[in-house]
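Keep in mind it's a predicted model, so treat the numbers as computed, not measured.
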Amino acid sequence: MPRFLPALLIALVAISGGLCPPLAEAVDPPSSTKITWKKTVLDRKFRSEGVAVADVNKDGKIDVLNGEYWYEAPDWTPHELQPFKDHKDGLGNYSRVFFCWAEDLNVDSWPDLIVIDFPGAPCYWMENPKGKSRGDDGKPLHWQQHRIWHSACNETPIYTDLLGNGKRVLVMGFQPQGKETEGQMAYFTPDPKNPTGLWIMHPISEPSVPGKEIPGTRKFSHGLGAGDINGDGRADVMCTGGWWEQPEKPDGKTPWKFTAANFGAACADMFAFDVDGNGLNDVISTSAHQFGIWFHRQNVDKKKQTTWTTVTLFGMLVSETHAAHFVDIDGDGVKDLVTGKRWWSHGRSEPGANWSAPVYYFKATKNADKVTSFFPVLIDDDCGIGTQFAVDDINGDKFPDIIVSNKKGVRVVVQERK
């Protein structure tokens, strides 16, 4: 058995009639720190599949935002962000918020909200009305929307410090209107001369041309990430078809060099990390709509050519892992993988659709031989993750918490330690 597989294998039962597998709640990871989790349900209705956190009204408390509402801490009072829309139970329909991130975009010291709508639709940001929730007429004060770009493609856009300068940028594919197969990969930054105007597009890839389609750029493409693939200290951009190498001095105008590689099946967030300890960063990914959590091992053959081999970390533990984070959950200095189930991603048609909707963190332990093992630890068995969720310290105790908004509703799961 490969050493990078978990020290303990969780037995699964055969699935029939919607039965769920046994979960790992009775098992503690190899750690001296006892971690428990306390869940608070903010909303039981399906509002969105993305979520963010920020101090919306600058009262010193962190609030929750999902593009439809912001929930005011500490009592989680809901306030409308835009006119109400009923998304029903999500069994046969979708929301209009798949991703969102909080950021002060107009530099007025109030956090605004970036929103990714349905894949392929225009994306926009919502302007914070300086913490107010109601107008002078007593009616809900909706946040003004400003379009970022006409098309947001790939089901895992990312908002990250790609260039290593401390400023986050929006990384995603996009398409010319009405041209599904002519996408391009790019990163986007606000226009400093026009804060409410369209953002500036910086090409990562060349645009697609007939007969040469750029991978990862269709509206329903799956899999995107930023991480250092070649060990030069700069974050590259990866999709399932390969990776774009960040140049030493990116000028924001010249496309990056692309190297084709097989990074496995349709996935969600992708992370660069040396799992097997050979000094080369591998790629960790999770299955968006099937079962599977993998890493794609980077190696060099006898001809000094780079090779990639897909290794299954967890084959049947949880399905529809349509979002993930790679962060240090337990404070031991090693990043852990956090993911779970996107409940009813396409109704009941996906494998394991009627299983429970857990959230796990996979505790990473680096062994003496430099190989990293991942051990599954259940955070909650009825929470889910949506297409994007947040891992952040929401209560100020310096421990990472889990915040989700999905077809199960809106929940905050706070980490507690003993």
| field | Positive for ring-ring contact (aromatic ring centres under 6.0 Å, His included) with Phe263, one of Trp308, Phe271, Trp294 | value | Trp308
| task | Applying ring-ring contact (aromatic ring centres under 6.0 Å, His included) between Phe362 and each of Phe326, Phe314, Phe375, report the one that passes. | result | Phe314
| remark: On a heavy-atom basis, the closest approach of Asp112 and Leu105 is OD2-N, 2.8 Å
| message | For Thr217 versus Ser208, what's the shortest heavy-atom pair and its separation? | response | OG1-OG, 4.3 Å
Quick check: do [X] and [Y] have side-chain heavy atoms less than 4.5 Å from each other?
{"X": "Arg411", "Y": "Arg44", "result": "yes"}
{"X": "Pro400", "Y": "Gln415", "result": "yes"}
{"X": "His222", "Y": "Thr240", "result": "no"}
{"X": "Leu91", "Y": "Arg348", "result": "yes"}

| request: Check Asn278, Asp282, Thr307, Asp276 against Arg297 for a side chain to side chain donor-acceptor pair (under 3.5 Å) and give me the one that passes. | output: Asp276
| message | Suppose we call two aromatic rings close when their centres sit under 6.0 Å apart. Are Tyr159 and Phe99 close by that rule? | response | no
| message | Tell me if the aromatic rings of His325 and Tyr361 count as close, with their centers under 6.0 Å from one another. | response | no
Name the atoms and distances for all side-chain donor-acceptor pairs under 3.5 Å in residues 142-149, with sequence neighbours left out.
residue: His142; atom: NE2; partner: Glu80; partner atom: OE1; Å: 2.6
residue: Gln145; atom: NE2; partner: Gln82; partner atom: OE1; Å: 3.4
residue: His146; atom: NE2; partner: Glu127; partner atom: OE1; Å: 2.8

| task | Give a yes/no verdict on a cation-pi contact between Lys407 and Trp344, requiring under 6.0 Å between NZ or CZ and the six-membered ring centre and an angle within 45° of the axis. | result | no
| query | With sequence neighbours left out, which residue pairs that include part of residues 392-412 fulfil the ring-ring contact (aromatic ring centres under 6.0 Å, His included) condition? | reply | none
Exercise answer: donor-acceptor pairs, residues 230-238 side-chain atoms, under 3.5 Å, sequence neighbours excluded:
residue: Asn230; atom: ND2; partner: Asp232; partner atom: OD2; Å: 3.4
residue: Asn230; atom: ND2; partner: Glu245; partner atom: OE2; Å: 3.2
residue: Asp232; atom: OD1; partner: Arg234; partner atom: N; Å: 2.9
residue: Asp232; atom: OD2; partner: Arg234; partner atom: NH2; Å: 2.9
residue: Arg234; atom: NE; partner: Gln246; partner atom: O; Å: 3.2
residue: Arg234; atom: NE; partner: Pro247; partner atom: O; Å: 3.3
residue: Asp236; atom: OD1; partner: Gln246; partner atom: N; Å: 2.9
residue: Asp236; atom: OD2; partner: Ile229; partner atom: N; Å: 2.8

